[in-house]
Amino acid sequence: MNKQDIVSALAEKNGISLREASFLLESVFEVIEDAIVEGQTVKVPNFGVFAVKTRAGRQGVVPGTTDVIEIPSKTVVTFRPSKNLKNKLN
């Protein structure tokens with residue numbers, strides 16, 4: 001399912017135009033993105049949690065050689081599905 005499929009399903013389910021559904025979806029994504037950029041955790045009941053975590057720096061080995069390189073720490077977004085969503089999958 002891609003973004004256009006989500007917009008179409010949202011419009012059909014709520015009886016709104018594709019333009020309105022697209023605007024709403026973009027707005028939701030912007031709000032989530034802004035919160036994540038600020039380092040906040042975004043909790044969506046019965047869906048899951050988007051959280052910001054920092055991966056520690058480490059040493060790695062270049063494939064095919066024995067050269068050791070430093071891999072810097074970086075910030076990543078994680079998603080943890082809710083118990084309700086996990087139960088629906090299984």
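Along the sequence shown, residues are numbered consecutively beginning with 1.
Q4 is not listed as a side-chain neighbour of I6, based on a closest heavy-atom distance of 4.5 Å or more. Put simply, the side chain of V62 reaches to within 4.5 Å of the side chain of I69, judged on heavy atoms.
For the atom pair NZ (K88) and CG (N84), the distance works out to 5.0 Å, reported to the nearest 0.5 Å. Between the NZ atom in K3 and the OG atom in S8 there is a gap of 11.5 Å [rounded to 0.5 Å]. Atom-to-atom distance recorded for E20:CD and L25:CG is 13.5 Å, nearest 0.5 angstrom.
The two atoms that bring A35 and V42 nearest to each other are CB-CG2, 3.7 Å, heavy atoms only. Scanning both residues, T54 and S73, for their nearest heavy atoms gives CG2-CB, 4.5 Å. Between V52 and I36 the shortest heavy-atom distance is CG2-O, 3.4 Å. The heavy-atom pair separating A11 from S17 by the smallest distance is CB-O, 3.9 Å.
Few gaps surround CZ on F79; more than 12 heavy atoms of other groups in view lie less than 6.0 Å from it. Sparse packing is recorded around CD of E12, with 12 or fewer heavy atoms of other residues, nucleotides or ligands lying under 6.0 Å away.
In the hydrophobic cluster analysis, where Ile, Leu, Val, Met, Phe, Trp and Tyr join through side-chain heavy atoms closer than 4.5 angstrom, V44 is grouped together with V77.
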Chi angles and distances behind the side chain to side chain contact (heavy atoms under 4.5 Å, CB included) call for V31, V28: CA-CA 5 Å; V31 170; V28 168; 5.9 Å; no
